[in-house]
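Working notes, beginning with the structure itself.
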Amino acid sequence: MSYKDLNDAETTWDTKVQQYHGGQEWLILDHFVEDFSVTTNALGTPQIALKAARDALDFCHHYPPANQEPAKTDLSKFIWPEDYELIHSRILLGNGASELIDLVTRSAKPGPWRPGPWIVQYKEYERSASSLGRDILKYNDKTTKAALTCIVNPNNPTGDYMNIEEMKSYIEKTVPENSTVMVDESMQPWHSEKWQQDSLISQSKWIKEIFETKGIAIYIMHSWTKIWSCTGLRIGSVICPTTEHCQDLKKIQVPWSVNVCALKFLEVVTSDAESKYMKKTWEITTNWRSDFRKKILDLKPKDQDWVIEGKPFISWVWIDFKDKNVAADAVIRARAAGVPVRPGVNGYGCDTCVRAAVRSPALADVLIKSWIGLGQR
Ligand SMILES: Cc1ncc(COP(=O)(O)O)c(C=O)c1O
C-alpha cells in the first residue's frame, strides 16, 4: 500500500466537518487484536466499576440525577481529598471532555483562539473554536491577543509537559488580561501518586487571585475516558474558576448529558473498591513504556534517525521516524497485524510521526513483530 492509500484508507470520520481522532479502526479490521491508536490505560477498564456501570442499565427507565450526584461529590473527593468542597462548588461533569471543551469555547468572550506552546496539540479545542467562527492563531503568535488560550498538559500527542511552576509562569507571561484559558490535564493523573501536587488542581488560591486581579479565567479540563479506559462511556469534568462560571456553563449544557451508567461507573471507580487500580497504573505504565520505547528503537536501521521523546510517565509513545514513507509503512503494517496505531499525518499533519499507546509487553510484542524490517531499504 502506498502513502496515498494510507490517506484514503477507510475512516468513519467525515473529515470535511469533523476532526480526525484515533480509536475507530477496531470497528473495521478483520483481524483486530488490540487498539494502540488511543491513549487509554494499558490496564484496561477497572472491572468493579465496569460491573457497576452494567448493573446501572437496570435503571435506564429512570432519568439520571440532574445534579450529577453522588458521582460529582465522589469525583471531587478523588481530585482533592484534602478539601473537596473547594472543587465541588466549581466542577461540572460532561459527556466526555469533548462536550465541556465545546461549552467553555461557547461561553468564553468572542475573539481569537491560541493553542499552548507546542508546535502541535490535541485538535478538538481548535475544531470547536474554528466551528464557532474564532480566528485561529499560531502557537508562537506574540502579537495578537487571544480571547481564549487552550493548553494541553501533558501534551497529546508530543508528550511535552510543564510542571506546575512552569505552567503558572507560562500563563502569567503569555495570557492576556480579561481572557479565558483552558488547561487540559487529562493525562496528568499518570504523573505519580502525588499527581495533584504538580497540577493546577492544587492551585485554587492562585486561580482565584489571577481572576480577581487580571480577569484571567482558568478552567481545568479532564477527560476521564483515558485514565479509566472507558472512551465508550463518555466521562469528563471541568473545574471552573468560580461558582458563577460554573453556573454559566450549566445554563448552556444539555440536561442529563451524563447517563446513568457513566455516573455509576464514576461513583465506583473513585471509591475504595478500585483504589488498587491507580496504584497499579503508576507501577506499570512507566516500566512498560520504557520497555516498549527501547524495543522500537532497537528496530531502527543504522542509517536512520528515529526519535521518541515525551515524559516517561505518559501512556503512549510519539515516534518521529523522520521519513513519511517509513511512518506510513508503520501504520500499514500495524493495521495488517490487527494492532492499529494513530497516524500523525491525520489531523496533526505530522506525516513522519506515529502515536502508539503503551500496552502490556505481550501485546506490544505483536506490534513490534509487525515492525521488524521497518525502514530497511
Ligand atoms: C488531551 C485530550 N483531551 C480531551 C479528550 C477528549 O476526550 P473525551 O471526550 O473522550 O473525554 C481527549 C481524547 O482523545 C484527549 O486526548
Side-chain angles (χ1 to χ4, degrees), residues 19 79 86-87 89-118 121-156 162 164 166-188 199-223 236-254 257:
Q19 173 59 49
I79 290 178
L86 262 183
I87 301 294
S89 60
R90 297 184 284 130
I91 198 169
L92 190 66
L93 309 185
N95 190 270
S98 306
E99 183 199 8
L100 302 165
I101 291 168
D102 198 57
L103 282 188
V104 178
T105 309
R106 281 172 201 279
S107 77
K109 284 188 198 120
W113 175 94
R114 184 174 67 77
W118 299 297
Q121 76 170 34
Y122 178 68
K123 283 279 181 177
E124 202 51 37
Y125 291 89
E126 182 181 327
R127 184 206 62 81
S128 182
S130 105
S131 313
L132 290 164
R134 292 179 186 271
D135 286 341
I136 304 299
L137 305 179
K138 284 221 159 30
Y139 74 100
N140 53 1
D141 188 324
K142 293 201 173 91
T143 49
T144 321
K145 285 194 173 167
L148 176 59
T149 306
C150 295
I151 309 160
V152 182
N153 192 52
N155 186 40
N156 178 11
M162 283 185 271
I164 191 60
E166 289 164 339
M167 172 59 77
K168 283 164 65 179
S169 150
Y170 177 79
I171 292 175
E172 282 165 354
K173 287 189 185 135
T174 68
V175 169
E177 295 199 353
N178 302 312
S179 75
T180 299
V181 189
M182 275 193 265
V183 180
D184 186 319
E185 293 196 350
S186 304
M187 312 303 182
Q188 212 276 343
S199 147
L200 282 175
I201 287 169
S202 66
Q203 299 297 317
S204 293
K205 193 163 160 257
W206 176 79
I207 289 175
K208 186 170 183 287
E209 269 168 24
I210 202 163
F211 179 65
E212 286 172 357
T213 56
K214 295 187 173 175
I216 297 178
I218 301 177
Y219 294 78
I220 312 169
M221 189 65 67
H222 286 100
S223 161
S237 68
V238 63
I239 305 167
C240 305
T242 68
T243 316
E244 292 71 37
H245 287 88
C246 201
Q247 287 292 100
D248 288 345
L249 293 190
K250 238 187 239 173
K251 207 194 288 180
I252 55 170
Q253 185 177 37
V254 172
S257 73

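This chain uses plain numbering: 1 for the first residue, then up along the sequence. Only a predicted model underlies this, so the values are computations on that prediction, with no experimental measurement involved.
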Next on the checklist: Would L200 and Q188 count as a side-chain contact (heavy atoms from CB on, under 4.5 Å) here? Give the steps.
Outcome noted: CA-CA 10 Å; L200 282 175; Q188 212 276 343; over 6 Å; no
Next on the checklist: Determine whether L132 and W113 satisfy the following criterion, side-chain contact (heavy atoms from CB on, under 4.5 Å), listing intermediate values before the conclusion.
Outcome noted: CA-CA 11 Å; L132 290 164; W113 175 94; over 6 Å; no
For residues [X] and [Y], report the shortest heavy-atom separation together with the two atoms involved.
X    : Y    : answer
R114 : Y139 : NH1-O, 3.5 Å
C246 : C240 : CA-SG, 3.6 Å
Y170 : G116 : OH-C, 3.5 Å
V238 : L100 : N-CD1, 3.6 Å
S186 : S223 : OG-N, 2.8 Å
S128 : I101 : OG-O, 4.3 Å

When rounded to the nearest 0.5 angstrom, what distance separates [atom1] in [X] from [atom2] in [Y]?
X    : Y    : atom1 : atom2 : answer
I216 : E209 : CD1   : CD    : 12.5 Å
I207 : I218 : CD1   : CD1   : 5.0 Å
S237 : I87  : OG    : CD1   : 9.0 Å
L86  : R90  : CG    : CZ    : 6.5 Å
D135 : D141 : CG    : CG    : 10.5 Å
R106 : D248 : CZ    : CG    : 15.0 Å

For the residue pair [X] and [Y], establish whether any side-chain heavy-atom pair is separated by less than 4.5 Å.
X    : Y    : answer
H222 : I201 : yes
K208 : P241 : no
D184 : I151 : no
W206 : I171 : yes
I239 : I79  : yes
T180 : K109 : no
C150 : Q121 : yes
V152 : Y125 : yes

Tell me if a side-chain donor or acceptor on [X] pairs with a main-chain N or O of [Y] at a distance below 3.5 Å.
X    : Y    : value
N156 : Y122 : no
E99  : N95  : yes
Q253 : L93  : yes
R134 : P112 : no
E185 : S199 : no
S131 : R127 : yes

Next on the checklist: With a 6.0 Å cut-off (strictly less than), is the heavy-atom count around NZ of K145, excluding the residue itself, greater than 12?
Outcome noted: no
Checklist entry - Given E166 and N153, is the side-chain contact (heavy atoms from CB on, under 4.5 Å) satisfied, shown in steps? => result CA-CA 11 Å; E166 289 164 339; N153 192 52; over 6 Å; no
Checklist entry - Under a 4.0 Å N-O cut-off, is there an ion pair linking E172 with K168? => result no
